[in-house]
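Numbering of residues begins at 1 and proceeds along the displayed sequence. Everything numeric in this text was worked out from a predicted model, so none of it was measured.
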Amino acid sequence: MRDHYNPFIGQSSPENADYRLPKNVKPTHYDLHLEPDLENGSFGGSVVIHFDVLQDTKFILLNSDEIKILTTVLVQSSGKSIKIERVHYHELQQTIMIPLPESIPAGSKIRIRQTFKGRLNSSKKMSGFNRSRYVGRDGKPKWFGSTQGQPTGIRQIFPCADEPGLKATFSSTLIVDQGLTALSNMDIASEEEISSDKKKIVFNKTPPMSTYLVAFVVGELNYIESNDYRVPVRIYATPDRDIKQGAFCLDAGARAMVSHEETFGSPYPLPKLDMVAVPGHSGAMENWGCVIYGEQYLVSDESDASAKDNLSKAYVVTHELAHQWFGNIVTASWWDSIWLNESFADWATYNAVTHIWPEWEPWSEFVAGHPNGGLNAYQAALALDSNRGSHPIEVPVNTPSEISQIFDSITYAKGCTILRMLSEFLGVEVFIEGVRLHLKRHAFGNATTNDLWDSLGTVSGQDVQKIISIWTQKVGYPVLSIIEDEESKTIEISQHRFLQSGKVPPEADRVLYPVYLKTKTQQGIDQKSQLSSRENTFPVDLKFYKLNAGQTGLYRISYPLSRWKNLGQQLYSSGLLSSIDRVGLISDLRAIATAGQTEIHTSHLFGFLSHFKNERNYFVWRQILVCLQDVYGAWLFEDSSTLAALKRFQADLMSKVLGGLGQDLWSFKPGESYKEQSFKAVLFGNAAGYEIVKLTASYLFDQFMDGDTKAVNPNIRQAVFRIVLSDPKLSDNDDNYNKLLHVFRTTSSLGTRSDVIKALGHATCPTLVQKTLDFANSTEVQSTTDRNAIFSALSAHQNGIDALWKYLTGNWDEIVGERGGIMGGRFVGFCVEGFTREGQLKKVEDFLRRQKGNGVEKFEKFLEQSLDAVRAKVGWVERDRKEVREWLRANGYYEDDS
Ligand SMILES: [Zn+2]
């Protein structure tokens, strides 16, 4: 049907071009009027779009989705208006075609005026004009309106040319109830009363910008303002929130703007920056001048949050504000360059935080684990890109569904790792100089990934595209295997692709990466040696060496067993292994031992970890504990005596560091550094195997429930809730569970609320598991972030895993209908990823096979990744089950020797 009314479709570029708009006209300006009705969940409005006609044309194609067009009028260059009786909808492509009464010649300027109406979406949908609900100070429910444009939500608000490359200016007017505040990208030009209960707010005209960055917010709002930056920075929140609790993020935001402006070398072009806390919003969105956040990121009290959560908030704010330049001033030409937008914002965040809060050691944080929503940046890149379901960073995308699926962790985590590698290679100063040039060259326009490489090339004199493209265009990364030769004092290094679930087929192992070895010896770090062939030999001082010093390279190292033993003994005595090097060694050994392609097995990993009993570094302990959680997760369906032995091994590893801390473990003093607080928090959270910690958790829990909420330090609050709930002896009835649920419903503390959410899924008794599932799916849980936190906790224990699977299979049709994109994909992942046994894997595969053509396609990529993760665990446990038992027994970790 579409072919006969749109002569351009299918001609402009090959394959699937149907989803792209033709180039016959170009929008230059939008005059937009909107009148949202929060009570009734609807909106109406009008838009006048100004076009330059680029080719003689008889039609105009615009994006439009889920809105009803009421009238359409063409205004010609001469000023003559012609009413157009009918527009043609094309739902699949989310477009409308406006036929013109006669051919308009190239070079003309025309306007199209349309009126329309639409529905406000529920906040769960996170697309278009959303409406969320919160309970006001007066105890009554209130409505709140906010928009989400990225990636294809603006076409659900008004008809527009909704592609990032089609930038235009916007003049917006909102009609809202008196008493409500309305915000948009720009400051307010005028405000006037138009009736006893309505007012009209006119915003100033924006600079040229992409549609997906347009934003509106309507609701009862309070604000605080900082003047520490060149333009006013404000935080807004609904009146039920204590706005003063936004002080931490307000300060972080102002500092981030100062830092970014200096780094990017060009001024932020808007007259104000608003950051708005929106009830029920998931994550955060960088709308130009009007950044929207989930409330917990913006207005949770600094003194009522863990050090890690405060750091996480500062990271999120700094990331969104980096986009005000990179993304908003210069925007990706099309969504296939979006990885750069996100990866660069991450890189810029670590760079800015290094200047603002150096004591947080941002790049160590990057290597050892990212606090942001549990995404471990460097570790996540290594883990995800060793999965058979991984994909290259740069992939072609066309349809709205494809566009929303590329916002995944591979894109973010690997992209930032590669930019870090590149910035180290070029030098950070040169890298920044190149970014400045890029921003100047393309200001208020669009750019591709290659445009950035060009600017970096101009500044550095290097062929940047050649250096970097292999990492962005190919899937995976290499493992370097080492053979030592004592006699010639050399090492032979060969590279192959690394896959966590085992053997790499030859067809997946063709790429040869240029790898800087960065070998650290007693003589220093060799910055020059590079492996770019399949294998090569390098001289090295065999007394001590470690490759990938500082963990800047995206690859793993597989040393011979004897070398791992040496490194274990040299951890501290050599004085040469930084905390980041130690993190890297643990991470590599864990991956190598569990992939099962070498002589190295899980028992060697345990032996290596046993050298860390005297470790005192926060980042290293985090890595050790993550590693042990991985082992425990893979062994989850093994016999209980082995699980208990694993816990005893962990407790033994931790005994020295815990003994050294004593009661300081759970008492926090004012002025303690971020690292010290987080160090104690991560140890406490993993010390449930200690009777004293369990009793302390129980005691603190009771005090909290008796009304002394300050008794539990926010650094360990979530752990206290979790330890109490997950120990069947401490919660043999529903009592503690119900108390927590009551706290969730009544507390005004966003930090406490979020800690309850993260803890509930850890209750393991089947009736409570069911209760948790019901709760997660109820209207009480508004944000998808919260829901996924609950599912994630459920996927960490046997009963939870079984219940999630039952829920998924029992409600498949409904789930497929309701969920899609990355959030739905994550949910389906949680329902599958916990399994560890061959029989379970088969059960999952059988079920999914039966659902072919019934929605599986929607989650295909996510399922592929989840299933490969399960396969890796199945193979690992099969291989090492016996020797893990033997090792644990030989080292005295079984309770009895029967
Ligand atoms: Zn971002």
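For the residue pair Trp876 / Thr602, a side-chain donor-acceptor distance below 3.5 Å is found, with atom types taken as modelled. In the model, Gln296 has no side-chain atom that pairs as donor or acceptor with a side-chain atom of Ser754 under 3.5 Å. Defined by atom type and a distance below 3.5 Å, a donor-acceptor pair is present between the side-chain atoms of Glu342 and His319. Looking only at atom types and distance, the side chain of Glu833 has no donor-acceptor partner in the side chain of Ser795 under 3.5 Å away.
A salt bridge is defined here as a Lys NZ or Arg NE, NH1 or NH2 lying under 4.0 Å from an Asp or Glu carboxylate O, and Lys842 with Asp846 meets this definition. Here Arg556 pairs with Asp588 in a salt bridge; the nearest charged N to carboxylate O distance falls below 4.0 Å. Using a cut-off of 4.0 Å between Lys/Arg side-chain N and Asp/Glu carboxylate O, Glu638 and Arg837 are scored as salt-bridged. In this structure, Glu878 pairs ionically with Arg881, as a charged nitrogen and a carboxylate oxygen lie closer than 4.0 Å.
Using cut-offs of 30° and 60° on the angle between ring planes, the pair Tyr807 and Phe827 is perpendicular. The aromatic rings of Phe847 and Trp805 lie perpendicular to each other, with more than 60° between the two planes, well past the 30° mark.
For the pair Arg850 and Trp812, the cation-pi criterion (under 6.0 Å, within 45° of the ring axis) is not fulfilled.
For Trp471 and Tyr513, the ring centers are positioned less than 6.0 Å apart. Phe606 and Phe649 have their aromatic ring centers within a separation under 6.0 angstrom.
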